[in-house]
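Reading through the structure tokens given below for one structure.
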2 protein chains.
Amino acid sequence: MKIDRHSTQPLYAQLKELIIDRISQQDYEPGQRIPSEMELCQELSLSRPTVRQAVAELVSEGILVIVKGKGTYVADDPERIEIDNVTAQRFSLLSAKSLAEFSNPTVETIPSEQTIDRLFALTETGHHPGYWGITWQQEESGACYATCQSLIPVTMFPDLGPDLRQGKRLIDILANKYAYLPQKTTGRILVRQARIDESKALDISRNAPVLVLTGIMTARSGHVCEINTTVMRADLVSLNIGSGRS
Amino acid sequence: MKIDRHSTQPLYAQLKELIIDRISQQDYEPGQRIPSEMELCQELSLSRPTVRQAVAELVSEGILVIVKGKGTYVADDPERIEIDNVTAQRFSLLSAKSLAEFSNPTVETIPSEQTIDRLFALTETGHHPGYWGITWQQEESGACYATCQSLIPVTMFPDLGPDLRQGKRLIDILANKYAYLPQKTTGRILVRQARIDESKALDISRNAPVLVLTGIMTARSGHVCEINTTVMRADLVSLNIGSGRS
């Protein structure tokens with residue numbers, strides 16, 4: 001791409017595109033220094049204010065970074081926390097092998113409520129004692145990258161709340177519960193803006209994008225036994241998925 | 001949550017949080033009308049300008065919507081295009097059953113280049129004729145929701161470019177190429193800001209978040225035969241994933 005002096009597009013805007021072009025063609029690579037303002041002026045026969053405006057906007061867009069006393073650099077691609085084997089039950093409590101990674105889960109009782117009952121297909125059963133709502137965080141090197149919540153019907157696991165609070169082992173909690181353990185699961189991944197409680201838990205600004213993985217676990221009995229919602233910092237994670245059977 | 005007149009937090013900011021709270025607790029549901037400014041003033045003993053500022057900011061943040069002559073509504077959750085059976089090879093060209101959904105693919109030759117050669121483990125083989133770069137779009141009801149690119153080594157499929165341009169059927173293109181067809185695949189999902197060419201192709205603003213699925217396909221021969229990068233509009237899609245074997 002070249003600077004076109006006869007174009008209706010302002011020169012600084014053309015220069016912005018040219019720099020982005022060079023970054024995407026890896027003429028300028030992430031973490032590398034780009035030519036100085038002076039060098040860009042000379043190479044492209046542009047005025048200093050034009051170059052300055054283009055660079056300033058790219059800095060404010062996070063594409064370039066100014067390192068004081070050193071120059072202007074292409075922003076590094078952020079390092080990602082790699083989440084391996086991402087499937088619908090990746091963060092399921094009932095599918096976990098142990099509670100080792102569930103540091104400080106909080107347990108509350110969530111009353112029976114139409115919207116949730118519909119997801120669990122519990123609308124026809126009349127009054128029931130509601131759900132265990134278990135919430136925990138996922139951390140990596142001290143950074144909280146995900147907040148997880150699982151809903152599990154109290155009728156299936158009447159003692160789950162007290163058991164978790166007492167620190168019982170998962171293997172004991174799930175013993176003799178085979179009919180209620182996840183057998184078939186479906187999952188859904190989408191991106192949306194963080195809600196206020198999520199932005200606080202994940203230490204991100206409101207409206208920042210989050211990656212949401214919802215897993216619906218169905219038991220051998222045919223009933224939904226757990227719905228897990230994991231909200232991840234979109235800027236921090238990368239999800240590894242395998243080749244599925246379709 | 002209640003409005004606290006002794007808090008250092010401005011009243012309008014408290015009201016914003018209160019409204020968001022009510023939305024997340026589904027007292028106010030998506031698509032429903034919320035009480036009028038007047039009603040909020042009365043219920044919470046707040047002044048008109050306070051209520052107006054809170055509502056105005058929530059409108060500008062896309063949380064509320066004003067429908068002229070009708071009132072203020074909770075914004076609807078956007079409808080999503082559901083992408084089924086998302087796996088590492090979901091958008092792979094060599095894994096496709098036919099070219100029916102590859103409307104207007106463009107084919108170009110991409111010369112051998114260190115960064116790409118490294119991904120294909122083709123650094124040791126010396127000079128080679130580069131890659132076919134095939135680009136196409138995914139559409140649903142007229143909206144382009146994804147732009148896909150596959151890179152395929154020319155050495156493995158010397159005639160792929162001309163074959164695609166001539167409209168040859170995929171089944172004929174891939175005949176007798178079993179050693180070079182995907183057998184093992186790995187995939188990676190992440191969210192990042194759209195690049196300039198992507199924002200144009202997807203008709204979104206620069207810096208809007210995109211969901212990127214990268215699939216690396218390895219052939220029976222042990223060589224990487226295709227790398228597919230699919231860039232999706234994060235606001236439009238939801239990906240359905242199954243229960244994987246881990």
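Here is the naming used below: chain letters follow the sequence lines, and residue numbers restart at 1 for every chain.
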Problem set entry | OH (A:Y180) with more than 12 external heavy atoms under 6.0 Å | no
Problem set entry | Among A:I20, A:D197, A:T186, A:V237, residue most engaged with chain B (heavy-atom pairs, under 4.5 Å) | A:I20
Problem set entry | Contacting moiety of B:R188, where chain A heavy atoms sit under 4.5 Å | both
For this session: Please flag which part of A:L213 lies under 4.5 Å from any non-hydrogen atom of chain B: side chain, backbone, both or neither.
Result: side chain
Exercise. To the nearest 0.5 Å, how far apart are CD in A:Q193 and CD1 in B:I63?
Worked result: 7.0 Å
Exercise. Checking heavy atoms, do the side chain of B:I83, its backbone, both or neither come under 4.5 Å from chain A?
Worked result: neither
Exercise. Checking A:R80 against chain B: side chain, backbone, both or neither under 4.5 Å from a heavy atom?
Worked result: side chain
For this session: Going by the side-chain contact (heavy atoms from CB on, under 4.5 Å) test, name the single residue among A:T214, A:L190, A:I189 that passes it with B:S238.
Result: A:L190
Exercise. Should the heavy atoms of other residues, nucleotides or ligands under 6.0 Å from CZ of A:R195 be counted, would the total exceed 12?
Worked result: no
Exercise. Around atom CG of B:D203, are there more than 12 heavy atoms of other residues, nucleotides or ligands at under 6.0 Å?
Worked result: no
Seminar exercise, completed: Under 4.5 Å to a heavy atom of chain B? For A:I241 that would be both
